[in-house]
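Each remark here refers to the structure printed beneath this line.
Numbered from 1 within each chain, the chains take letters A, B, ... in sequence-line order.
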Amino acid sequence: MNSSDVLSGVFESILRTNHVFRNREVLRHDYVPETLPHREEQVRLLGEMVAPVLKGERCSNIFVYGKTGTGKTAAMKYVLSKLSEKAQEFNAPVKVCFVNCRMAGTEYRVFSLLCDAVGVHVPFTGLALGEVFDRFKRGLDSHRHVFIAVLDEVDALVKQRGDVLLYELTRVNETLSRSGAALVGISNDLRFKEFLDPRVLSSLSEEEVVFKPYDASELEDILLDRAKMAFHENVVSEGPIRLCAALAAAEHGDARRALDLLRVAGELAEREGAFKLGELHIRHAEKRIEHDRVAEALRNLPFHSKLVLFSVYLLCRSQVQQLSVTGNIYELYCELCAQSGISPLTQRRVSGLINELDVIGLVNTQVVNMGRYGRTKKIRLSIAPKVVMDTFAVDNRLSRLLTHSPKQLTDFSTLAH
DNA sequence: CTTCCACAGGAACCAGCGGACC
DNA sequence: GGTCCGCTGGTTCCTGTGGAAG
């Protein structure tokens, strides 16, 4: 069979086997359902807080916090969409802008998105931050409206860049003559407040809404709701759903993770042509999600980070794990660079790369003091070595390195004995 | 008690890029 | 066309550190 036959077989079987999903979109993170189970209280609170804008008055700044997958974003989007509907109905001059700060990445891009929302076009680079902000203010003040800026995952931006952006935004009303602006900050990090300037904090958290993690039974309700919409009748029963909820609750009550599990499990079932979703599908989905996350992270690593990780891998694989410290990893990394024909980065930079690998969860590090023998960092792989091997084997530049053992490694081995 | 190792990690700075402004 | 700007991805220089060895 040639490859085009294979593909058309795959496509046709997908078209034939739609007996699992009725609508898989409802299991995606960005789907905002018509009802938010166990978030009625928060939705009501948020609604009360933003309601004054319908009368043309500025509402309080709001600070929303809770861990990932606790429904903050969904609740906020839900409230804003209802607010916009009402505003249209009553002809209230309300504008809202929803920005994900982590996606935007920099203050500049956050400001430029805010500018877009008030109908001002700014180039994607080239202007001074102050200039972009001035244009935003002018654009905002050119008509009379109440503007609500929602900054989702604002903690990510502040930790990286400081709170200049928040400071400017919380003070924006002082310079507006016709319009009013309110700020909603959404944070995944409960300790985020500690990073903030007290002036920003007091101004931003005029009102606060806390989202607690869901427990297993609440997750179950959410999943049941969505499963009814997502799957055909009798595809999924309570058992697998309960398992999904339990697994996600064990993490930290993350609804996003629970929905992912259910969606991937559904896809697995669909692919094998099953008519019912079983607990085994959920278990497999759990493994699949983890594997995909890791493989994806590995593939997207810059080349130098890959070499660093590869050094960690080689050291962990060898018998000399106690030697897996920054200095040795750096030496090994330098040798790999030489073999690849590229010049190595400095140790300071590599130390930074190791920290980045730690942050994305590919390695595990621990600063250790060895007295006379200095202070260093022990680095272990926190993922299955096989995944590293498999992913790097298909990388042209790295696969060549897999075939021969670096000299430095044999030196370490003799050193250890 | 002092010394000293082998780094950690902060701060300042730099180069190159794409782009706006005058 | 020169100048300014922000961003990325580095480098250089530096101070700090906990505990084994002397």
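Distance, A:H304 NE2 to C:dT8 C1': 14 Å, rounded to whole Å. The OH atom of A:Y373 sits 12 Å away from the C1' atom of C:dG19 (whole-angstrom rounding). What separates NZ of A:K377 from C1' of B:dC7 is a distance of 10 Å, to the nearest Å. Taking atom CG on A:N369 and atom C1' on C:dT17, their separation rounds to 6 Å, with Å as the unit. Between A:R375 atom CZ and C:dT15 atom C1' there is a gap of 11 Å when expressed in whole angstrom units. We find that OH of A:Y108 is positioned 11 Å from C1' of C:dC7, with the value rounded to whole Å. When the P atom of B:dA8 is taken as reference, atom CG of A:L353 falls 12 Å away, rounded to whole Å. As a whole-Å value, the separation of A:F303 CZ from C:dG10 C1' is 17 Å.
Along DNA chain B, the nucleotide nearest A:R372 and the nucleotide nearest A:V367 are compared for position; the residue whose nucleotide lies closer to the 5' end is A:R372.
Residue-level contact check: A:Q347 touches the backbone only, with heavy atoms under 4.0 Å from sugar-phosphate atoms and none from bases.
Proximity of A:S351 to the phosphate of B:dG9: no side-chain N or O atom is located under 4.0 Å from OP1 or OP2. In terms of phosphate contacts, A:T346 brings no side-chain nitrogen or oxygen within less than 4.0 Å of OP1 or OP2 of C:dT12. Applying the 4.0 Å criterion to OP1 and OP2 of B:dG9, one finds that A:N355 has a side-chain N or O inside that range.
Each of A:T73, A:V99, A:I186, A:V64 was compared with A:V150 under the side chain to side chain contact (heavy atoms under 4.5 Å, CB included) criterion, and only A:I186 meets it.
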Worksheet item: A:L113 and A:V110: side chain to side chain contact (heavy atoms under 4.5 Å, CB included), yes or no, with the steps?
Response: CA-CA 5 Å; A:L113 287 167; A:V110 172; 5.8 Å; no
Item to complete: In sequence, state the C-alpha distance, the side-chain angles, and the governing distance for A:V210 and A:Y65, and then conclude on side chain to side chain contact (heavy atoms under 4.5 Å, CB included).
Response: CA-CA 5 Å; A:V210 184; A:Y65 55 102; 4.0 Å; yes
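Below 30°, between 30° and 60°, or above 60°: for A:F310 and A:F392 the angle between ring planes is above 60°, a perpendicular geometry.
One N or O donor and one acceptor, one from the side chain of A:R348 and one from the base of B:dG9, sit under 3.5 Å apart.
Other residues, nucleotides and ligands contribute only 12 or fewer heavy atoms inside 6.0 Å of the CZ atom of A:R144.
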